[in-house]
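Computation of the quantities below employed the complete heavy-atom set of this structure, encompassing side-chain atoms and omitting hydrogens, waters and symmetry-equivalent molecules. Counting starts at 1 for both ligands and their atoms, in listed order. Counting from 1, the numbers follow the sequence of the chain as shown.
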Amino acid sequence: MSAAETDTDGGDGNVDVDAVVIGAGFSGLYMLHKLREQGLDVRVYEKGAEVGGTWYWNTYPGARCDSESHIYCFSFDEGLHREWEWSERYPEQPEILDYLQWVADRLDLHRNIAFEREVTSATYDDETATWSVELADGERVTTRYFVTAVGCLSEPFLPDFDGLDAFEGEWYHTARWPDGEIDFGDDHVGVIGTGSTGIQFISEVGGQADHLTVFQRTPNYAVPARNRPLEDDEYDEIRENYDDIWEQARDSRLGMPFDHEHETDYGLSEDEIRDVLEERWQQGGFRFLHSFEPGSILSNPELNEVVSAFIREKIRGKVDDPETAEKLVPTDHPYGSKRPPMDYNDYYGTYNRDDVSLVDVDEHPIERVTADGIRTTADHYPLDVLVFATGFDAMTGAILAMDIEGKNDQTIEEKWEAGPRTYLGLMTSGFPNLFTITGPQSPSVLTNMPLSIEQHVEWIADCIRYMDEHGYDRIEARRESEDQWVQNTNMLAENMLFSQAKSWYRGANVPGKTQVFTPFPGGLDNYREICARVARDDYDGFELERASG
Ligand code: FAD
Ligand code: NA7
């Protein structure tokens, strides 16, 4: 369906549409629904061939979410979360994609979405307070509001290894997995990366391939997910308490409705702490990070060391070969300072298999990809298939992939050269009427994202309604408010343990990327209050203008 054919009746006066939204994942779907409900003429551009975003692209074996299913969905519409029933605690990618397609059908969203259309650039015109958005095929669309719903984890990162183009086998990045089943039966498969994705892939494919070689740079703390089917009675209970569940999740640091046993470990003996951890270890998932108030685990080095040591011990207990076990035990970063991965399928036990081997590429870095495998500084590993579970250019990659030019011909790339600069993660000064859903310096990836996404979508929609009701045609973040917000976010992160890890939160995974902590670590609960106060105070910290000046 081409843009010209999408069901829009043309924007007011001098624009084609009122709002252009980029992306048709959780964010783009809800933003479209919300703005259309407000009577705006909205056009969504999606470079994929269907809705789903993350769950359209990440179809690798073992892909599933690590938020619990009953909260990894939309909460804004009672009909949606009461009617949809998840099959298990952590659904797999196909089920999540089905859910998002079901939502798009239920809300009749497809008619405003143009698929296989990539936005490549956008230019702001201060005269008319409008954006001219350009697509890869050269088409241009003018709009009042420009909303990026491009995702925090949608720009795959592929390390620039010499020799990849001469590799004679098959290679894939997990975020651009080919359609259809791949039979690894007789293959010697190599996988680079042991983050959340690598851990899912390895425990799924270990035993399927003739041999699986894992190239690990940094060992990770994987906590058991304790996945299982969701029983009917359990679902009945969820439905009965859904309003409380959502309220508790919204009013929490991570957007998850999990109580924590104790605020901190104050006054607890080491054994008492271990008992708390053991009980939460049995519950699994992010309930383990809620053994104590998550903020205290992520900022109190003594408590964190007790938690980290607890997990290290568990890892040693699962791996037969002590040498391999030591390679798998994280010692370079505190638990939680990198995104905590989940273990759905006996990840550490996978290394007890004869047909699975671990290569430490921190000790012996990868030199190059050869025609038939990988060469490290210590050895050569023949491979038929090479899988890059090497993550993403997170938080900024998808935005900076477009050439976005604001006031005074300044591009976002120039503006963010020393790291992203936003106010609330929602707007960046010099780029009026451009809203970034789950943008840098917002809670985003430190939370159960559907709730952060809903909060941003509702805030943006309310803001646009306020502007329309008050006759404003442009809104822009004030530079001083932005500076304050960036400073505040950096200070919070410095006071937590995040600074002690080379993480994608900080862009440390992408060579040459400016390293700053990009999500807002102050908690979704606190952040919601700040955003609500800003809106209540007539959008304090933003510059609002009327066309009539
Ligand atoms: P996305 O789903 O990333 O959608 C963005 C869309 O924008 C994509 O479809 C992309 O094609 C499109 N797009 C980007 N640039 C352009 C352009 N220039 N032109 C046109 N289209 C464009 N979060 C959680 O909270 N819990 C989890 O358990 C969880 N698990 C995850 C597992 C994986 C493997 C990954 C990769 C992420 C996971 N996340 C998880 C984060 C996940 O990204 C979010 O939960 C959520 O799906 C983001 O939705 P979104 O709509 O904001 O972005
Ligand atoms: P991550 O968490 O960024 O993991 C990427 C992995 O790839 C990680 O182990 C990296 O090691 C490794 N990596 C990256 N570049 C290289 C090079 N050049 N050499 C060797 N190893 C490398 O991405 P995921 O996809 O697993 O997870 C991202 C999010 O998506 C996650 O939070 C979930 O929500 C899903 P490193 O640790 O940097 O040493």
Residue portion contacting ligand 2 (non-hydrogen atoms closer than 4.0 Å) for Lys338:
side chain

Close approach, Ala149 and ligand 1, non-hydrogen under 4.0 angstrom
yes

Under 30°, 30 to 60°, or over 60°: which ring-plane class applies to His110 and Phe115, parallel, tilted or perpendicular?
tilted

One residue to check: Phe215. Relative to ligand 2, which of side chain, backbone, both or neither has a non-hydrogen atom less than 4.0 Å away?
neither

Ligand 2 versus Ser503: contacting region, heavy-atom distance under 4.0 Å:
neither

What part of Pro159, side chain from CB on, backbone N/CA/C/O, both or neither, has a heavy atom under 4.0 Å from ligand 2?
side chain

Is there a heavy atom in Tyr56 that sits closer than 4.0 Å to ligand 1?
no

At what distance is the nearest protein heavy atom to atom 12 (C) of ligand 1, and which residue and atom is it?
Glu46 OE1, 3.3 Å

Parallel, tilted or perpendicular: which describes the rings of Phe74 and Tyr99, with under 30° parallel and over 60° perpendicular?
tilted

Whether Thr148 lies under 4.0 Å from ligand 1, heavy atom:
no

Considering non-hydrogen atoms of the protein only, which is the closest contact for atom 48 (C) of ligand 1, and what is the distance?
Ile453 CD1, 4.0 Å

Quick one: look up the protein heavy atom nearest atom 14 (C) of ligand 2 and list residue, atom name and how far away it is.
Arg217 NH2, 3.4 Å

Pro340 and its side chain to side chain contact (heavy atoms under 4.5 Å, CB included) partner, picked from Phe288, Tyr221, Phe286:
Phe286

Which protein non-hydrogen atom lies closest to atom 29 (C) of ligand 1, naming both residue and atom, and how far is it?
Asp66 OD1, 3.9 Å

Can you check which of Val119, Ile404, Leu451 brings a heavy atom nearest to atom 18 (N) of ligand 1?
Val119

Is any N or O atom of Glu118, backbone or side chain, closer than 3.5 Å to an N or O atom of ligand 1?
no

Under a heavy-atom criterion of less than 4.0 Å, does Phe115 contact ligand 1?
no

The one among Trp55, Phe26, Tyr72 that brings a heavy atom closest to atom 44 (C) of ligand 1
Tyr72

Which is it for Asn58 and ligand 1 at heavy atoms under 4.0 Å: side chain, backbone, both or neither?
side chain

Out of Met449, Met31, His456, indicate the one that has the non-hydrogen atom closest to atom 41 (C) of ligand 1.
Met449

